[in-house]
Amino acid sequence: MTNDLSAASITANLGTRFVGQRVIYYPSLTSTMEVAKQEARLGAVEGTVIVAGEQTIGRGRRKRAWLSPKGNIALSIILYPSADYLPNLIMLSSLAVVYSIESITGLKPQLKWPNDALIKGKKVCGILIESGVRRSKVDYAVIGIGINTNLRLVDFPEISATSLSGELGREVPCLDLIRRLLVEVEKLYLALLSGEPIYEQWRDRLVTLGRRVQVNWGKTRYEGIAESVARDGSLLLRCSDGSLAKIVAGDVTLRNH
Ligand code: BTN
């Protein structure tokens with residue numbers, strides 16, 4: 001069921017204007033990010049998607065490795081937004097992931113700031129956004145999405161993540177989920193471009209708010225209550241000395257209530 005991926009099956013009657021209208025599928029690839037960035041530098045049409053059946057050198061945020069065996073979803077989407085929209089891509093892609101997982105599986109993922117999708121507190125999806133920016137002009141943005149779809153958790157006891165099949169006790173069709181994801185990405189991107197707010201939808205899904213958290217970014221560590229998020233996506237953290245820290249990026253650990 002999960003091996004029926006091809007460029008043609010993903011694109012067929014997708015119903016989008018541009019996201020997923022051009023798909024390049026590789027049964028096996030180092031990382032979809034690398035190919036997507038090469039394609040973007042060569043001027044690939046907006047909405048081009050690179051999909052891998054498996055990745056051999058999948059990568060996550062902060063140069064971490066990302067596990068991407070067969071049966072999982074690994075893809076990168078090329079967009080050309082203006083600089084103003086760049087911070088919104090985190091909200092857009094994480095919401096698209098949540099909506100598409102809900103629609104295909106009925107599961108209800110939550111979001112951990114800024115863009116990890118969780119099910120029952122365990123990570124099920126990672127998102128990596130990379131862009132080429134020159135003199136404040138965005139040359140391209142690539143949204144990389146990895147969803148633990150049919151990851152057999154028993155085969156990877158070292159990871160504390162979960163997978164959709166692990167939660168459901170059955171396989172999930174990658175093709176249906178990818179197609180839904182591309183539709184949701186385009187819907188939210190078009191909404192964003194036409195000035196509709198997507199911030200509230202994203203904020204309301206964040207499991208982080210109201211929780212005591214630790215945020216690590218490089219050598220800096222913050223601790224406090226995650227009070228709110230700003231419209232640009234930054235986390236507003238109430239520190240123990242009463243001050244409010246505005247955090248643009250970082251890794252959040254949720255503390256106990
Ligand atoms: C993270 O949570 O650290 C982000 C993980 C992002 C993984 C995806 S899988 C598709 C794309 N290709 C990669 O090599 N990484 C991203």
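Counting convention: from 1, in listed order, for ligands and their atoms alike.
- The option with the heavy atom closest to atom 8 (C) of ligand 1, from among G146, A65, S31, is G146.
- Ligand 1 places these atoms under 4.0 Å from at least one heavy atom of R61: 1 (C), 3 (O), 4 (C).
- For ligand 1, the atoms lying closer than 4.0 Å to a non-hydrogen atom of W66 are 2 (O), 5 (C), 7 (C), 9 (S).
- Neither the backbone nor the side chain of R62 has a heavy atom within less than 4.0 Å of ligand 1.
- In this structure a side-chain-to-backbone donor-acceptor pair under 3.5 Å is missing from Q55 to S28.
- A donor-acceptor contact shorter than 3.5 Å is absent between the side chain of R203 and the backbone of S228.
- Within the listing of ligand 1, atoms 10 (C), 11 (C), 12 (N) sit less than 4.0 angstrom from a heavy atom of T32.
- R41 has no carboxylate O lying under 4.0 Å from a charged side-chain N of D139, or vice versa, which leaves the two without a salt bridge.
- Not a single salt bridge (Lys or Arg N to Asp or Glu O under 4.0 Å) links R221 to another residue, sequence neighbours left out.
- Taking both residues in full, the closest heavy atoms of L86 and A141 are given as CD1-CB, 3.9 Å, listed atom of the first, atom of the second, then distance.
- For ligand 1 and G60, the ligand atoms under 4.0 Å from any heavy atom of the residue are 1 (C), 3 (O), 4 (C), 5 (C).
- Within the model, atoms OG1 of T162 and NZ of K120 stand 7.5 Å from one another, a figure rounded to the nearest 0.5 Å.
- For atom 16 (C) of ligand 1, the nearest non-hydrogen atom of the protein is R59 O, 3.8 Å.
- Residues I225 and Y222 do not share a hydrophobic cluster, clusters being chains of Ile/Leu/Val/Met/Phe/Trp/Tyr side chains in contact below 4.5 Å.
- At least one heavy atom of M33 sits closer than 4.0 Å to an atom of ligand 1.
- Atoms of ligand 1 lying under 4.0 Å from any heavy atom of I145, numbered from 1 in the order shown and given with element: 8 (C), 9 (S), 10 (C).
- The atoms of ligand 1 that sit less than 4.0 Å from any heavy atom of G58 are 14 (O).
- Residue-level proximity to ligand 1 for R64 is absent, since no heavy atom of it falls below 4.0 angstrom.
- For the pair K122 and E167, the salt-bridge criterion is not met [side-chain N within less than 4.0 Å of a carboxylate O].
- At least one heavy atom of K123 sits under 4.0 Å from some atom of ligand 1.
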